[in-house]
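Below is one structure, written out as C-alpha cells; comments come after it.
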Amino acid sequence: MTKPFVIVALAAIGLLLSGFNPASGDAQQVLAIDKVASKIGVTPQQVQESIGCMLIEAERRLDTADYLQIATLIPEADEYRRMATEACVFKGSVSSGDELNAALGDLGLTAEQSRELVIELADYLSVAGDPSIGKLLIGAQK
C-alpha cells in the first residue's frame, strides 16, 4: 500500500462517517446559525428565537405530518421553540404571517431580515430534505 492510497482511503472513510452520501454527491446539510446571523445582520440568538417562532407558527398552521417534515430537519428545533416562548414574543395565538412578522419584529428583526431568514431556512430545508419541505415552510408563513 502506498501513502497516497492510504490518505485517500482515510479521507473516504471520514466522509462516509460524517454523512457524505456518494450516491447524492453531497455532504450532509448543516444549519449554520452563525453564518445565517452574519448574513442577515442579526445575532445568533435572534436567529434561533426567530426559527422557534417560525416553527411555532408552522405547527399551528400545517398538518402534523407536514410540520414534522420541517421540524425533524432542524437540529435543536425544540430548543428554538423554547427560546421563542421564553422571549415572550407571542402575544397570544400566532395564526398568520402578519402576527409572525410582529413577533420577529419584537425580536429586533426588520421586515427585510425576516424575509431573508425565511428564505435562508427554506433553502436549508430544500437541500437538507426536499424542495417541497422548503415550500411547506414558505406556505406556513402566508
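In this chain, residues are counted from 1 in sequence order.
The structure places CD of Glu59 at 10.5 Å from CD1 of Ile70, a figure rounded to the nearest 0.5 Å. The distance from atom CG of Leu125 to atom CD of Glu120, rounded to the nearest 0.5 Å, is 11.5 Å. Here the CG-CD distance, from Leu31 to Glu76, works out to 10.0 Å after rounding to the nearest 0.5 Å.
The minimum heavy-atom distance between Pro75 and Tyr124, with the atom names listed, is CD-OH, 3.5 Å. Shown here for Gln46 and Leu107, the closest heavy-atom pair between the two residues is NE2-O, 2.7 Å. Considering all non-hydrogen atoms of both residues, Asp34 and Pro44 come closest at OD1-CG, 3.2 Å. Across Ala71 and Ala77, no two heavy atoms sit closer than the pair O-CB, 3.7 Å. Across every non-hydrogen atom of Tyr80 and Ile51, the tightest pair is CD1-CG2, 3.7 Å. Looking at every heavy atom in both residues, Ala84 comes nearest to Cys53 through CB-N, 3.6 Å.
A donor-acceptor contact shorter than 3.5 Å links the side chain of Arg61 to the backbone of Ala140.
Glu116 pairs by the side-chain hydrogen bond (donor to acceptor under 3.5 Å, both in side chains) definition with nothing, not counting sequence neighbours. The side-chain hydrogen bond (donor to acceptor under 3.5 Å, both in side chains) test applied to Gln48 returns no partner, not counting sequence neighbours. Applying the side-chain hydrogen bond (donor to acceptor under 3.5 Å, both in side chains) rule to Glu79 yields the partners Arg82; only residues at least two apart in sequence or on another chain are considered. With sequence neighbours excluded, no residue satisfies side-chain contact (heavy atoms from CB on, under 4.5 Å) with Thr72. Every residue was checked against the side-chain hydrogen bond (donor to acceptor under 3.5 Å, both in side chains) condition with Ser38, not counting sequence neighbours, and none meets it.
Looking at Gln113 and Leu104, their side chains never come closer than 4.5 Å, going by heavy atoms from C-beta outward. Two residues are said to be in side-chain contact when any heavy atoms from C-beta on lie closer than 4.5 Å; Leu55 and Asp78 fail this criterion.
Results of the side-chain contact (heavy atoms from CB on, under 4.5 Å) test with Val47 over Leu109, Leu117, Leu121 single out Leu117 as the only residue that passes.
Under the 4.5 Å side-chain heavy-atom criterion for ILVMFWY residues, a single connected hydrophobic cluster contains both Leu68 and Leu137.
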Only distances under 3.5 Å count here; give the side-chain donor-acceptor pairs of residues 126-135 to other protein atoms, sequence neighbours excluded, each with its distance to 0.1 Å.
{"from": "Ser126", "atom 1": "OG", "to": "Ala122", "atom 2": "O", "distance (Å)": "2.9"}
{"from": "Asp130", "atom 1": "OD1", "to": "Ser132", "atom 2": "N", "distance (Å)": "2.8"}
{"from": "Asp130", "atom 1": "OD1", "to": "Ser132", "atom 2": "OG", "distance (Å)": "2.6"}

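With salt bridges taken as basic N to acidic carboxylate O contacts below 4.0 Å, none links Arg60 and Glu57.
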